[in-house]
K.L.:
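This is the structure I want to talk about, given as structure tokens.
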There are 2 protein chains.
Amino acid sequence: MNLKDFRYLLAVAEYGHFGRAAQACGVSQPTLSVQLRKLEEQLGVALFERDRKAVVPTSACERLIGHVRAAVAEVDAILAAARDLCDPLAGRFRLGIIPTLAPYLLPLVFAPLHEALPTLLLEPWEDQTLTLLDRLRAHELDAALLATEVDGSEFTSQPLFDEPFLAALPPEHPLTAREVVAEADLAQDVLVLADGHCLREQTLAACGQSGALGGTLRAASLSTLLSMVAAGYGTTLIPGLAAGTAQDMGIVLRPLHECTGRTVRLVWRSSFPRRAAAEAVGQVIGDRLRGFAKAAAHRV
Amino acid sequence: MNLKDFRYLLAVAEYGHFGRAAQACGVSQPTLSVQLRKLEEQLGVALFERDRKAVVPTSACERLIGHVRAAVAEVDAILAAARDLCDPLAGRFRLGIIPTLAPYLLPLVFAPLHEALPTLLLEPWEDQTLTLLDRLRAHELDAALLATEVDGSEFTSQPLFDEPFLAALPPEHPLTAREVVAEADLAQDVLVLADGHCLREQTLAACGQSGALGGTLRAASLSTLLSMVAAGYGTTLIPGLAAGTAQDMGIVLRPLHECTGRTVRLVWRSSFPRRAAAEAVGQVIGDRLRGFAKAAAHRV
DNA sequence: CAACCTGATAGGCAAGGCCTATCGGGATGG
DNA sequence: CCATCCCGATAGGCCTTGCCTATCAGGTTG
């Protein structure tokens, strides 16, 4: 029971002539004769009444031919859809992004991505690292932008750019007097994000445990944290791309003595079949951001 | 591009497991692996992401799978329809019948045909011999009941029963005095049907050209002819099965001296693929009518 | 570390799709 | 009336391909 046989059937029904139908199908006339006879045997139904003058579909054939046409049309639809889908750089691309990166990075890369990969339909999804990894595992995301290393063979990752951290200080803070701030000097009054944000762990690792509000404040977003800093409740580390936003809030920024920072990576399942799409996305983001993060930091 | 491949695809999508899908399809697991990989190459699209833990459809696959389901469903519909159609004794059977036979024969055979061939959907079509043959040629009829021989190899025919003619006389006609009427005696005032009715030619052949109204009367139906006879305008020959109707109109019937009659045949295209259905129909009609026509004539 | 599970791969067999060449039988035409 | 043509069926052979069993590779589990 081959699909071609159905095409043969339609051709013979259309032309009423084995020879011409065979020509239209690109096969020889005996092929059509044999295949159609086989089809008739398999279906247990005579499909055509052969006559010296003409080949006429039987009434049974006419009852079937609608379904045959529909089946062939569906298969053609499959082929057409596959042709559209066969470009790995086209179609949906569900990209997870961590919250401390999304609002600052997305506006920068959306246009370049659309320009470089016009057929790629980017669908950003903002969540914390572990959630993003779970969604990657569940095939609910195609790739994710993270700021942590991912080990194991389950995922493949591509470093895109290094993003330096900056010390974020209230305008009246004593450390604003310095050109460069040492990470350890922030430990006294550093504020951190809630559990689950990789920036929280990175900040604590660089500065040490906060003495003041660190234990009680559970800022769910960098935006909240910046407001707290701007209001003078403490200091924090911010990623370079957030520099502009922080300054707009009146926060004073300073480079860090040990140049602490993070590496933004694109991560996807090792078995992800559209590796080409992932790498292309990574390429565009990397090209746009390499240097930009550092420049943003230096503009302080 | 084989249909089975689509079934394999659906099975793997359903089970998320090559081994179980293979079992469901009744093939080995390597078969599925190979065939699906081929399908992926042919479509140019990765359909599944293989992982040690799970086999997950790609987003491309999810876009295609609706069409795949539809295509497979259509093919299944073809198979199901073919199973229903594969009985040659089932389905429409378009049966042509000449007008001098139809109103008398049909009421007798309709019930027996339905009883003997309950799945056969009889569609009677009343027309004159030549028109019926044209419609047979055009595949617009499956078979026809005629009262003439059909020569050539184009058609195959099966004699069903012999139908004697009877002399039909007005009540006051001189010939009513005889027990048996000679065909030639009717010649003087015999009335015949219009051109195209085989009964016209058969009557003229038996009795000779009509002297009286024969030239001007163009009765389109046996019913008209009988009314004319009943009204005393002339005589005619009627087929045996019309005896009851004629007597109800007050017409006097007499057997013919030379037992002139006609043979009713079932005729179909020699290439007609449902020969079995035609022969079965002929069998039922023959069984019902053999003897009946003669009995009707003798009851006069 | 051994056993097991799962999908991929290799090799071989048999079915079957397709080809060319030819047949058979009816229509056509000089 | 015979030669020719047309058209579908048939025969024989080639080669693809679908399927099998056996095995591999890599990961998980007891």
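So you know, we letter chains A, B, ... as the sequences are listed, proteins then strands, and number each from 1.
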K.L.:
Output yes when at least one side-chain N/O atom of A:K38 is less than 4.0 Å from OP1 or OP2 of C:dG17, else no.
P.N.:
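For C:dG17, OP1/OP2 do have a side-chain N/O of A:K38 under 4.0 Å.
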K.L.:
What is the first contacted nucleotide of DNA chain D and what is the last, in 5' to 3' order, if contact means an atom lying under 4.0 angstrom from a heavy atom of chain A?
P.N.:
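Listed 5' to 3', the contact boundaries are D:dC7 to D:dT10.
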K.L.:
When you measure from the side-chain N and O atoms of B:Q29 to the phosphate of C:dG7, is any distance below 4.0 Å, counting only OP1 and OP2?
P.N.:
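Answer is no, no contact under 4.0 Å.
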K.L.:
Going by an N to O cut-off under 4.0 Å, is there a salt bridge joining B:R135 and B:D127?
P.N.:
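No, no charged N to carboxylate O under 4.0 Å.
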K.L.:
If each of B:D5 and A:S153 is mapped to the nucleotide of DNA chain D with the nearest heavy atom, which maps nearer the 5' terminus, i.e. the 5' end?
P.N.:
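Here B:D5 is the residue nearer the 5' end.
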K.L.:
Check this for me, if you would: do B:E140 and B:R92 make a salt bridge, where the nitrogen-to-carboxylate-oxygen distance has to be below 4.0 angstrom?
P.N.:
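Salt bridge: no.
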K.L.:
Could you state the atom-to-atom distance from CD of A:E41 to P of C:dG16 in whole Å?
P.N.:
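Going from CD in A:E41 over to P in C:dG16 covers 11 Å.
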K.L.:
Is the shortest side-chain N to carboxylate O distance from B:E41 to B:R37 below 4.0 Å?
P.N.:
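No salt bridge links B:E41 with B:R37.
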K.L.:
Please classify the nucleic acid contact of B:F48 as base, sugar-phosphate, or nothing, using heavy-atom distances under 4.0 Å.
P.N.:
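The residue B:F48 makes no contact with any strand.
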K.L.:
Which comes earlier along DNA chain C counting from the 5' end, the contact point of B:R20 or that of B:V34, where each point is its nearest nucleotide?
P.N.:
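Closest to the 5' end, via its nearest nucleotide, is B:R20.
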K.L.:
Expressed as a whole number of angstroms, how long is the span from B:K4:NZ to C:dG16:C1'?
P.N.:
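Rounded to whole Å, this separation is 11 Å.
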K.L.:
Let me know the distance between CG of B:L36 and P of C:dG7, rounded to the nearest Å.
P.N.:
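It is 11 Å, rounded to the nearest whole Å.
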K.L.:
Return the value, rounded to whole Å, for the distance between atom CD of B:Q23 and atom P of C:dC5.
P.N.:
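Distance check: B:Q23 CD to C:dC5 P gives 14 Å.
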K.L.:
Rounded off to whole Å, could you give me the CZ-to-P distance for the B:F18 and C:dT9 pair?
P.N.:
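It works out to 11 Å between those atoms.
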K.L.:
Do you know the tightest heavy-atom contact between B:L32 and B:A22?
P.N.:
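That would be CD2-N, 3.6 Å.
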K.L.:
Between B:R269 and B:E154, is the closest basic N to carboxylate O distance under 4.0 Å?
P.N.:
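Not counted as a salt bridge, because no side-chain N and carboxylate O are separated by less than 4.0 Å.
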K.L.:
Look at the side-chain N and O atoms of B:H17 and state whether any lies under 4.0 Å from the OP1 or OP2 oxygen of C:dC5.
P.N.:
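So the side-chain polar atoms of B:H17 never come under 4.0 Å of the phosphate oxygens OP1 or OP2 of C:dC5.
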K.L.:
Answer yes or no: is there an ion pair linking B:R94 with B:E123, defined by an N-O contact shorter than 4.0 Å?
P.N.:
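Looking at B:R94 and B:E123, the cut-off is not met.
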K.L.:
Report the distance from atom CG of A:L32 to atom C1' of C:dC19, rounded to the nearest whole Å.
P.N.:
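One finds 13 Å between C1' of C:dC19 and CG of A:L32, rounded.
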K.L.:
If the condition is salt bridge (Lys or Arg N to Asp or Glu O under 4.0 Å), which residues does B:E74 pass it with, not counting sequence neighbours?
P.N.:
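With sequence neighbours excluded, B:E74 shows a salt bridge (Lys or Arg N to Asp or Glu O under 4.0 Å) to no residue whatsoever.
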K.L.:
Using whole Å, report how far CD of A:Q42 lies from C1' of C:dA15.
P.N.:
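Answer to the nearest Å: 12 Å.
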K.L.:
When you measure from the side-chain N and O atoms of A:S28 to the phosphate of C:dC19, is any distance below 4.0 Å, counting only OP1 and OP2?
P.N.:
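Yes, because at least one side-chain N or O of A:S28 sits under 4.0 Å from OP1 or OP2 of C:dC19.
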